[in-house]
Structures are given as structure tokens and as C-alpha cells.
Colleague: 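What follows is a single structure, and I will ask about it in a moment.
When reading the values below, keep in mind they use all heavy atoms of this one structure, side chains included, and skip hydrogens, waters and symmetry mates. If you read the sequence from its start, that first residue is 1, and numbering goes on from there. Remember, it's 1-based here, ligands and their atoms both numbered in the order they're listed.
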Amino acid sequence: MTEIENKTFPDGFTWGAATAAYQIEGAWNADGKGPSVWDAYTQQKGKIWDNDSGAVACDHYHRYASDVKLMGELGLQAYRMSISWPRVMPEGTGAVNQAGLDFYDRLVDELLEAGINPWVTLFHWDYPLALDYKGGWLAEDSPRWFADYTKVIIDRLSDRVTNWITLNEPQCFVGLGHHQGTHAPGHKLGLAKALRVAHNSLLAHGHAVSVIRAHSQLPASIGWAPVGNAYTPATNSPADEAAAMKAMGAVFDNSLWNNTWWADPVVLGSYPEEGLKLYGDAMPKIGPDDMAIISQPIDFYGCNIYTGMPCRAGDDSGFVDAEMPSGSPRNLFMWRVLPEAIYWCSKFLSERYNLPIVITENGVTCHDWVSLDGKVHDSQRLDFMTRYLQQLHRVIDDGVDVRGYFHWSLMDNFEWAEGYKHRFGLIHVDFETQQRTLKDSASWYRRIIDSNGACIFDESPHAAPQMVEDALIQ
Ligand code: FCB
């Protein structure tokens with residue numbers, strides 16, 4: 001890397017951490033909450049690693065106040081949380097469960113009192129089971145159901161919350177949940193129906209944006225958080241760089257695992273031609289107003305990014321996957337550790353969509369446990385975070401407007417079909433006792449936040465835990 005002139009991140013850059021309701025709250029049937037598709041799916045034997053569930057998870061529903069205190073110890077400026085739709089509306093539509101809504105009200109107050117800005121995701125996959133029985137995302141009414149739920153949340157929280165994220169990773173809840181059937185609700189719909197589900201979820205996003213704009217009590221900043229599907233050039237030749245950019249704009253198979261099928265409608269107001277050709281007759285019927293509804297202006301492009309795929313130029317001016325050397329770094333999920341992914345993906349998204357970018361998730365799963373000295377020495381996470389943030393700084397230096405970074409995750413939690421196999425947290429959770437332990441990475445992240453990123457260039461991450469401890473003792 002060349003000499004870095006301005007080592008800090010831009011003024012006003014937001015440093016946060018993220019979680020999702022089903023992954024941490026537990027209390028799956030407390031105080032009038034209705035079941036979600038994840039409550040049902042985790043009951044089926046063999047679906048989840050070790051047959052686990054989020055029924056208790058981190059018990060955050062009961063421990064939110066002490067969890068917010070820990071966020072304060074981390075020095076977080078912002079916290080990305082999600083709302084459980086069936087906790088607030090047990091049937092998905094109609095009656096509102098005041099006790100459920102009160103929980104989020106208390107949580108938001110607690111955060112604001114601690115000086116932490118809440119960023120609220122409306123849908124992070126825990127869909128009301130009652131609505132799935134009515135056809136779920138396949139039903140024509142599904143975008144309206146989401147709009148009505150959004151209105152309930154906005155009426156209650158928008159006097160304090162200003163940052164909103166509509167959908168988290170439609171690629172996953174549509175692709176894995178409704179096409180491949182490996183996530184809740186476990187439907188294996190054919191391509192045509194999966195595309196209808198995708199279209200309805202995009203309509204839901206658009207309706208939600210309109211509802212927030214029309215009813216927010218404070219000026220709102222609205223975005224969404226799809227998967228950042230990253231490709232990185234195998235070499236720094238212009239041809240390989242162009243190939244990576246091309247790959248990130250492509251719709252190349254039926255997996256729905258891409259950027260533009262989702263983001264072109266949302267930001268540009270049309271489906272990409274390449275996808276329309278590929279999907280052909282499987283395309284759902286699109287109503288005359290649909291694209292206008294879907295493409296309501298948003299304020300930022302949230303991007304969840306963990307890994308990437310190296311590629312190089314192909315013969316026909318296309319792109320082909322490039323091999324990585326044997327033994328290249330991977331996380332416990334076996335996802336490639338590829339720091340340049342955050343650089344290239346941010347660059348691509350910014351060029352194509354011309355919106356400010358917020359990294360709404362980035363993190364790593366490692367083999368973490370509490371050591372004999374009572375601490376969690378997750379040195380790989382410190383290193384991962386440092387490398388990815390250096391690449392994020394690089395893209396900002398290139399002129400890309402990146403406004404914030406949310407580490408996934410605040411604490412270890414229920415990792416969907418993988419149960420408790422994976423630990424992504426800055427805070428270790430003992431799921432037996434609910435004991436929380438700040439990992440070494442929490443100290444390093446605090447140091448990063450306090451220095452607005454400068455320390456990633458001139459300090460060793462591995463010295464950070466001791467430094468923070470010394471500072472606390474003084
Ligand atoms: C993302 C999800 C998040 C978490 C991380 C590891 O796909 O949005 O809930 O599971 O992966």
C-alpha cells in the first residue's frame with residue numbers, strides 16, 4: 001500500500017455493531033409474541049446444526065439493559081438491531097401486541113440514554129408464521145402486510161429513531177428460504193414462484209420506504225441491506241479489474257445470488273436486461289406501477305460483506321473464476337478471507353448506484369473460547385477487522401462515499417441453519433449461563449472507534465487488549 005496521508009476515516013463516520021432479533025432475543029413466546037417461521041422451522045429435526053433454535057439464544061429480551069451497558073464499554077456510536085415482526089404483530093396483520101412494542105420502546109430509550117444511535121432493520125427474516133400460512137411472500141397482499149407493519153413501527157419509534165433499513169439480505173430469505181429451502185420457511189419453490197417472491201419482497205421494500213417518508217416524525221434516513229456479492233480481480237491488470245466489475249453486475253444463474261437483480265429495480269427502477277433474458281418465461285407479471293413503487297428514493301446503500309470470489313478476464317471479454325492458492329485463508333464457515341472484497345464491492349456499488357454506502361455487516365467466525373486466564377483471545381478477528389478496514393479506507397481514499405461500518409456481530413448468537421456452531425461476536429456468550437465476556441477484538445474495536453480508525457495503520461492490533469486494560473486501570 002502506498003503512503004497513507006489521511007489516516008482517519010471521514011468526520012462523522014459511524015462506527016457500530018449489528019445483531020438481528022431472532023439471533024439474540026430468545027423469549028420466543030413471551031408476553032404475547034406470535035411464532036415466526038424460524039420458530040417453526042427450528043422445531044423440525046435435522047434442519048439446524050445440533051437441532052438448536054433461537055428459543056433462548058442470548059436472552060437479550062430480558063438482558064437488553066446490561067447488553068446496552070456492554071455496548072457502552074465498547075464505545076459504540078451506533079447499534080443496528082432488528083424488530084421481530086411477530087413480537088409486535090402476532091398474526092402478522094391486525095392486532096398489535098403492545099407488550100412487544102414496549103420492548104423496542106425501552107430498548108431504544110436505553111440506547112439513546114447511553115449515547116448510542118439505533119439503526120433499525122424492519123425485516124431480518126423472522127416472518128410471522130400466521131402470514132406464511134396465508135401464502136407468505138408469495139401472496140399478492142404480502143407487500144401491503146409489510147407496509148402496515150412498518151406503519152405500526154414508525155408511529156411508535158420514529159420520534160426517536162431516524163435510521164431505517166427495510167430488508168436484510170433478500171438474496172438469503174428468498175433464495176435460501178423460498179428457493180433452495182435450506183432456511184426458514186424451508187420452501188422449495190420453482191424459479192417462477194421464487195421470482196414472484198423476490199418481486200413481492202421488493203414491492204414490500206418500496207411500500208415501506210413510502211410509509212417511512214410519509215409518517216416519520218423526524219427526518220428519516222432510509223436504506224436497505226442486501227448481500228454485497230463481491231468479486232475481486234486476480235491480478236491488478238486492467239482486464240482483470242474490468243472482469244471483476246463485470247461479474248458484480250452480472251445475473252448469471254438461477255440461484256438469485258447476485259447484486260443487480262435486486263438492486264437495479266430498487267435504485268434504477270428496472271430489472272437488468274441480462275436477467276430478464278435468462279429468466280424468460282419464469283418472470284412474474286409486473287404491474288404498471290410496480291417499478292415506481294419499488295424504486296422510491298433511498299438515502300444510503302447498506303451492504304453486508306464478508307467474502308468474495310477472485311476472478312479474471314475470460315476469452316470472450318467476460319469473466320471466469322480464478323483459483324486461489326491452496327490453503328488460502330478461510331473462516332470457520334469456509335468463506336474466503338478476502339479483504340479486497342470490501343474495496344471492490346464498495347467501488348462497484350458506488351459507481352453503479354451513486355448512493356452513499358454503509359457497511360451494514362462485516363465480520364468473521366472463528367474458534368473462540370474462554371481461555372484459562374478468563375479472556376477470549378480472538379487474534380484472527382482483530383487481524384480480519386484490521387485488514388478489511390484498511391481496504392475500506394482505501395476505497396474512501398479513492399473518493400467513494402462510505403458513511404459507516406457495522407461489525408457483525410455485537411455478540412455470539414444463533415447462526416440460522418448453523419445453530420451455535422459459529423461465533424461472530426465481539427462479545428463471547430456462554431449459552432449455558434448467559435455470561436458475557438468481552439473478547440480481545442472488543443478492545444481493539446474500541447480503540448479503532450476512539451481513534452476514528454487511525455490505529456489500524458500504526459498500531460499492532462495484538463497489543464490493543466493490554467493497552468485498553470491499562471487505560472481502564474488508571
Ligand atoms: C448474514 C446475515 C446475518 C448473519 C451473518 C453471519 O448473512 O445477515 O444475520 O447470519 O450473515
Colleague: For ligand 1, what N or O to protein N or O distances fall under 3.5 Å?
Modeller:
| unit_1 | atom_1 | unit_2 | atom_2 | d |
| --- | --- | --- | --- | --- |
| ligand 1 | 7 (O) | E169 | OE1 | 2.5 |
| ligand 1 | 7 (O) | E169 | OE2 | 3.1 |
| ligand 1 | 8 (O) | H124 | NE2 | 3.3 |
| ligand 1 | 8 (O) | N168 | ND2 | 2.9 |
| ligand 1 | 8 (O) | E169 | OE1 | 3.4 |
| ligand 1 | 8 (O) | E361 | OE1 | 3.1 |
| ligand 1 | 8 (O) | E361 | OE2 | 3.0 |
| ligand 1 | 9 (O) | Q23 | OE1 | 2.7 |
| ligand 1 | 9 (O) | H124 | NE2 | 2.8 |
| ligand 1 | 9 (O) | W416 | NE1 | 3.0 |
| ligand 1 | 10 (O) | Q23 | NE2 | 3.4 |
| ligand 1 | 10 (O) | E415 | OE1 | 2.7 |
| ligand 1 | 10 (O) | E415 | OE2 | 3.0 |
| ligand 1 | 10 (O) | W416 | NE1 | 3.0 |

Colleague: May I ask you to establish whether R394 and Y343 are in a cation-pi arrangement, using a distance under 6.0 Å from NZ or CZ to the six-membered ring centre and at most 45° from the ring axis?
Modeller: yes
Colleague: Using 4.0 Å as the upper bound for N to carboxylate O, is an ion pair formed by D105 and R156?
Modeller: yes
Colleague: Who pairs with R381 by side chain to side chain donor-acceptor pair (under 3.5 Å), at least two apart in sequence or on another chain?
Modeller: D368, D378
Colleague: Determine whether the aromatic ring centres of residues Y61 and F103 are separated by less than 6.0 angstrom.
Modeller: yes
Colleague: Could you state the interatomic distance from OG (S441) to CZ (F424), rounded to the nearest 0.5 Å?
Modeller: 12.5 Å
Colleague: Ring centroid separation for W408 and F406, is it under 6.0 angstrom?
Modeller: no
